[in-house]
Amino acid sequence: MTAVTREGPAIRVSGIRKSYKKLPVLKGVDLEVERGSIVALLGSNGAGKTTLVKILATLLTADAGTATVDGIDVATQPARVREAISLTGQFAAVDDKLTGRENLVLVGRLRHVDDPGTVADRLLERFALTEAGGRVASTYSGGMRRRLDIAMSLIGDPKVVFLDEPTTGLDPEARLEVWRTVTQLAASGTTVLLTTQYLEEAEQLADRIAILHRGRIIVNGTLAELKALLPPVQREYVERQPSLEDVFFALTGKRDSADDTEGNPS
Amino acid sequence: MTSHAASDTAALTGRSLRHILRSPDTIITTAIMPVGLMLLFVFVFGGAIDTGSGVGAGGYIDYLLPGILLITIASGISYTAYRLFLDMQGGIVERFQSMPIARSSVLWAHVLTSLVANLVSLVLVVGVALLMGFRSGAGALAWLAVAGVLVLFILALTWIAVIPGLTAKTVDGASAFSYPLIFLPFLSSAFVPTDSMPGPVRWFAENQPVTSIVNSIRALLAQQPVGAELWIALAWCLGILVVAALAATAIYRRKVG
């Protein structure tokens with residue numbers, strides 16, 4: 001099953017809509033993620049990033065539109081999608097009362113890998129947790145918990161990994177640790193879709209950046225492409241390249257003005 | 001997928017049993033209140049309670065124990081709701097649900113863990129009762145029947161506990177539901193015969209599930225004929241079990257998809 005390499009993008013989303021009660025959160029989202037790339041889904045709090053990730057991870061069903069992961073439809077074949085993905089949620093979902101190693105072995109057993117013990121030991125080593133592997137996770141630092149969390153996501157070699165705000169609540173040092181981990185992950189061929197509200201994080205990690213604003217993807221491109229959307233570098237008193245932050249605010253409209261498209265040069 | 005149901009449930013049950021091994025206080029706290037009630041009723045009130053003739057020769061504790069066992073279970077299942085609530089809050093259920101596991105295994109693991117934890121608490125309470133003078137000449141078959149009724153009662157109450165575990169908004173809410181269940185035995189034949197109760201109370205006591213269950217266990221332990229009471233007890237347990245399990249499963253489906 002895993003030997004088959006499917007054609008097409010790792011993730012394809014078209015026209016996805018989702019409302020909670022009467023409140024529309026996603027209003028027709030379109031997105032494609034190429035295999036083996038890191039794509040950052042950038043947006044402010046409440047933009048619908050987590051909702052989109054949950055739909056792709058089969059935890060929520062969309063009201064309209066289609067989405068495929070690894071070529072498999074999330075609505076009609078959720079069980080097969082779950083074989084291909086793994087999700088690391090917003091809050092490190094590790095079992096505090098189990099040791100790091102036990103957490104990994106548990107996930108290994110649930111993913112039906114052949115030798116959970118060996119897989120666990122290998123991951124502990126890869127994530128520099130070998131020494132901590134025998135301690136219960138409640139004694140871990142924030143960065144260690146996140147590393148364990150991400151290590152748990154890699155068991156069973158998922159093709160697509162969703163990281164929902166992987167560095168929220170981490171101190172700068174732990175954030176760098178996670179960034180290194182994500183970069184290594186993509187180097188090994190895994191597709192990563194990460195959500196973040198930190199512009200710097202998207203700038204550092206992602207091959208492509210998609211900005212989700214008011215329920216729609218308003219722009220999707222490489223950092224260079226995004227920067228090209230703004231007028232050329234202005235030479236006035238200081239030479240200054242627009243940072244991604246400038247681009248973000250220019251595209252999403254002045255820090256929360258009424259119109260979606262305001263400031264979007266079309 | 002279904003072929004994994006058993007192994008997934010086993011893996012997840014192992015996980016929550018490990019939680020209990022690492023904080024065995026939950027089992028001890030479960031047993032403390034019933035043991036305290038047993039001490040109170042046997043050594044303080046017991047002398048003044050007339051349970052009538054024909055019930056064993058070992059005295060009041062033989063009369064009391066079945067009701068105490070049900071109270072043990074009623075207080076034990078509040079931890080089931082508590083453990084499930086914590087899992088729902090912590091995001092670990094979400095992680096499990098995004099993995100290729102049998103969907104029902106998360107609930108079943110909590111149910112089986114509840115069964116094991118409650119059985120351990122029951123053994124503790126019976127142990128204390130033996131120290132306090134409880135005796136039964138019941139044979140292996142009668143004990144097996146008692147164990148069977150208790151297992152059914154644990155499963156029935158556990159599935160009830162799953163509902164607040166899934167739906168509660170706070171930790172207190174998750175475990176508060178068990179208080180009425182703990183008090184139900186007081187309005188039954190668990191502590192005193194129902195004959196002495198005034199009309200409406202007596203009617204309630206004689207027609208609620210605890211009385212038939214207590215009477216059946218008491219008769220089995222005292223080597224007396226059980227009769228129709230046992231079938232009523234089994235019907236209550238199975239009925240509650242099925243209704244609560246269906247309701248809990250439906251809520252679970254709606255909650256986690």
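Residue numbers begin at 1 in each chain, while the letters A, B, ... track the order of the sequences.
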Parallel, tilted or perpendicular, as decided by the 30° and 60° cut-offs, for the rings of B/Phe186 and B/Phe191 |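 If you compare the ring of B/Phe191 with that of B/Phe186, the planes turn out parallel.
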Interface moiety of A/Thr61 toward chain B, non-hydrogen atoms closer than 4.5 Å =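 Answer is neither: A/Thr61 stays 4.5 Å or more from chain B.
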Which answer fits A/Val136, side chain, backbone, both or neither, if we ask what part of it has an atom under 4.5 Å from a heavy atom of chain B?
->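 Just its side chain gets close to chain B.
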Taking NZ, NE, NH1 and NH2 as the nitrogens, is one of them in A/Asp70 or A/Arg35 under 4.0 Å from a carboxylate oxygen of the other?
->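 A salt bridge links A/Asp70 with A/Arg35.
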Taking the side chain as every heavy atom from C-beta outward, state whether B/Arg18 and A/Leu106 have any atom pair closer than 4.5 Å.
->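 No; the side chains remain at least 4.5 Å from each other.
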Taking C-beta and beyond as the side chain, do B/Asn118 and B/Leu157 meet within less than 4.5 Å on heavy atoms?
->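 Result no, sub-4.5 Å side-chain heavy-atom pair not found.
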For each of A/Lys54, A/Glu102, A/His112, tally heavy-atom pairs with chain B at distances under 4.5 Å, and name the one with the top tally.
->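 It is A/His112.
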